[in-house]
Amino acid sequence: MQHGQASVTALGAAGHRAAHQVLERGLVFADPLALPILGPDADHAIALARERPERRGLRLFIAMRSRFAEDSAARAIATGVRQILVMGAGLDTFAYRLQPVPDLRVFELDHPSTQAEKRRRLMQAQIAEPRHVSYVAHDFERGSMIASLEAAGFDPGKKAFVLWLGVTPYLTEEAVFATLGELASWPGGAEVVFDYSNPRDRVTDAAARAHHDQLAERVAASGEPFRCHLDTPELHARAHELGFSEIEDLDRAVLVARYLPDLAPAPRPGPGGHVVRMATAA
């Protein structure tokens, strides 16, 4: 991110979520607030999606990762989890679509500039900030987040569910594993859903590699380049070492089979984008 500026890629992801509501009618992921929070920028996002059909694959991946993460969060809430942490919240609207649940708290953790821009857009769209939402400023490259969370009322002694979408590719590998280690250390237990991509040289499909290169070029031009790619077996091994005992990892082929079974041509299994859910035993 550029110092003092809101995240450009957070705005881009919000644009893909908004375009999905119009172009696919929210087939995979329904978000009635996706367009309002963007305001006039929604028209640009939809027009760009129509002009650039090659962006459809990324749009659908973003819709699928949100669907998987929010379905997982809903199950956690149904089983009694009352602390939800949205890390790198961007313009995500999950907390504003939740039905009221007694004692539920949602902590949105993000860079101060991006957080300020989100709250400006919420006010402009007349989307109320629910009482269950707390805003916590944090830079993932600058160490532990627990002190800031505890100051906002977070209790690491109670189980937490964490949504961490569209963030890890822009961090260093050291910061990614430091954050996972911190989550795994919470005595109350943690369950986290995040997305990641495999190293480019592992992607054998020529079209998928070309798409990766184009996307990498765009985000680099925005000032927020990709910095972290993760090898799947190594990620799982290190996660187990940190204390995660349950890992559910979905590549693009599995996601499409689950949420878009009629999509043609169906992607082949293998290296590329993944969404993974991890949980500690506590």
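Worth knowing before you read on, the calculation uses all heavy atoms, side chains too, and leaves out hydrogens, waters and symmetry mates.
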| Quick one: are F29 and F68 in side-chain contact, heavy atoms under 4.5 Å? | no
| said: If hydrophobic clusters are built by linking Ile, Leu, Val, Met, Phe, Trp and Tyr wherever their side-chain heavy atoms come under 4.5 Å apart, do M278 and L183 end up in the same one? | reply: yes
| message | Whether the side chain of R59 engages the backbone of G15 through a donor-acceptor N/O pair (distance < 3.5 Å, no angle test) should be reported. | response | no
| query | Under 3.5 Å, side chain of T114 to main-chain N/O of S7, donor-acceptor pair present? | reply | yes
| message | Can you classify the ring geometry of Y196 versus F194 as parallel (below 30°), tilted (30 to 60°) or perpendicular (above 60°)? | response | tilted
| field | Nearest-0.5 Å distance that lies between atom CD1 in I127 and atom CD in E129 | value | 10.0 Å
| task | Please answer: with hydrophobic residues joined when any side-chain heavy atoms are less than 4.5 Å apart, are L35 and L33 in the same cluster? | result | no
| field | Chi angles and distances behind the salt bridge (charged side-chain N to carboxylate O under 4.0 Å, His left out) call for R120, E117 | value | CA-CA 5 Å; R120 183 192 70 79; E117 173 63 10; 2.8 Å; yes
| Of all heavy-atom pairs between A10 and G90, which one has the smallest distance, and what is that distance? | CB-CA, 4.0 Å
| query | Between S66 and R17, is any side-chain donor less than 3.5 angstrom from a side-chain acceptor? | reply | no
| Are L149 and F107 close enough that some pair of their side-chain heavy atoms sits under 4.5 Å apart? | yes
| query | Any donor-acceptor pair under 3.5 Å linking the side chain of T9 with the backbone of G12? | reply | no
| Should R65 and D195 be marked as a salt bridge (charged side-chain N to carboxylate O under 4.0 Å, His left out) after you check the CA-CA gap, both sets of side-chain angles, and the distance that decides it? | CA-CA 7 Å; R65 80 183 183 191; D195 59 306; 2.9 Å; yes
| said: Check this for me: does any side-chain nitrogen of one of D41 and R121 sit under 4.0 Å from a carboxylate oxygen of the other? | reply: yes
| task | Considering only NZ, NE, NH1 and NH2 on the basic side and carboxylate oxygens on the acidic side, decide whether R227 and E173 come within less than 4.0 Å. | result | no
| field | H240 NE2: over 12 foreign heavy atoms closer than 6.0 Å | value | yes
| Under a 4.5 Å side-chain heavy-atom rule over Ile, Leu, Val, Met, Phe, Trp and Tyr, are V86 and V101 clustered together? | yes
| request: Taking only Lys NZ, Arg NE, NH1 and NH2, and the carboxylate oxygens of Asp or Glu, determine whether R75 and D71 approach each other closer than 4.0 Å. | output: no
| task | Please determine if R202 and D231 form a salt bridge, counting it only when a charged side-chain N lies under 4.0 Å from a carboxylate O. | result | yes
| query | Do you know which two heavy atoms are closest between A253 and P267, and how far apart they sit? | reply | CB-O, 3.5 Å
| request: Look at the side-chain heavy atoms of Ile, Leu, Val, Met, Phe, Trp and Tyr, link any pair under 4.5 Å apart, and say whether I146 and L242 land in one connected group. | output: yes
| Can you find a pair of side-chain heavy atoms, one from P130 and one from Y96, that are under 4.5 Å apart? | yes
| request: Please answer whether the main-chain N or O of M87 pairs with a side-chain N or O of H138 as donor and acceptor at a distance below 3.5 Å. | output: no
| request: Would you name the heavy atoms of F161 and A76 that are closest together and state the gap between them? | output: CD1-CB, 3.8 Å
| request: To the nearest 0.5 Å, tell me how far L260 CG sits from L255 CG. | output: 9.5 Å
| field | Nearest-0.5 Å distance, CZ of residue R277 to OG of residue S72 | value | 6.0 Å
| message | Run R268 and D251 through side-chain contact (heavy atoms from CB on, under 4.5 Å) and show every step you take. | response | CA-CA 9 Å; R268 292 182 294 179; D251 67 11; over 6 Å; no
| Side-chain heavy-atom pair T79, K159 within 4.5 angstrom cut-off | no
| Would a 4.5 Å heavy-atom cut-off, applied to side chains only, mark V193 and L163 as touching? | no
| request: Report yes if some heavy atom in the side chain of R105 is under 4.5 Å from a heavy atom in the side chain of R82; otherwise report no. | output: no
| task | May I ask you to test the D110-K118 pair for a side-chain heavy-atom distance under 4.5 Å? | result | no
| Are the side chain of R97 and the backbone of P32 linked by a donor-acceptor contact shorter than 3.5 Å? | no
| message | Please report the interatomic distance CD(Q83) to NZ(K158), rounded to the nearest 0.5 Å. | response | 6.5 Å
| remark: The reported gap from CD in E241 to CG in L180 (rounded to nearest 0.5 angstrom) is 12.5 Å
| note | Nearest heavy-atom contact between F61 and G273 is CE1-C, 4.0 Å
| field | Short N-O contact, E248 and R258, less than 4.0 angstrom | value | yes
| query | So if you build clusters from Ile, Leu, Val, Met, Phe, Trp, Tyr with side-chain heavy-atom gaps below 4.5 Å, do L91 and V8 land together? | reply | no
| said: Run the side-chain contact (heavy atoms from CB on, under 4.5 Å) test on T280 and W186 for me, step by step, so that the C-alpha distance in whole Å, both residues' side-chain angles and the decisive distance to 0.1 Å come before the verdict. | reply: CA-CA 9 Å; T280 60; W186 290 347; over 6 Å; no
| task | Go through the side-chain N and O atoms of N198 and H274 and say whether any donor and acceptor fall under 3.5 Å apart. | result | yes
| request: Verify whether one side chain among H111 and D139 offers a donor that lies under 3.5 Å from an acceptor in the other. | output: no
| request: Go through the steps to decide whether W164 and T179 satisfy the test side-chain contact (heavy atoms from CB on, under 4.5 Å), and finish with yes or no. | output: CA-CA 11 Å; W164 195 21; T179 300; 3.7 Å; yes
| message | Quick check: closest heavy atoms across V176 and C228, and the distance to 0.1 Å? | response | CG2-SG, 4.1 Å
| task | To the nearest 0.5 Å, tell me how far I46 CD1 sits from H20 NE2. | result | 12.5 Å
| Will you find, in the side chains of E108 and S134, an N or O donor that is under 3.5 Å from an N or O acceptor? | no
| Side-chain heavy atoms of R56 within contact of E24, under 4.5 Å | yes
| message | Does R67 qualify as a cation-pi partner of Y259, given the criterion of NZ or CZ under 6.0 Å from the six-membered ring centre and within 45 degrees of its axis? | response | no
| query | Quick check: does any side chain N or O of Q21 sit under 3.5 Å from a backbone N or O of D31, one acting as donor and the other as acceptor? | reply | yes
| query | For M64 and V275, what are the C-alpha separation, side-chain angles and deciding distance, and is it a side-chain contact (heavy atoms from CB on, under 4.5 Å)? | reply | CA-CA 9 Å; M64 291 186 292; V275 181; over 6 Å; no
| remark: Nearest heavy-atom contact between A19 and A49 is CB-CB, 3.8 Å
| query | Hey, does the Lys NZ or Arg CZ of R238 hover above the aromatic six-ring of F177, less than 6.0 Å from the centre and inside 45° of the axis? | reply | yes
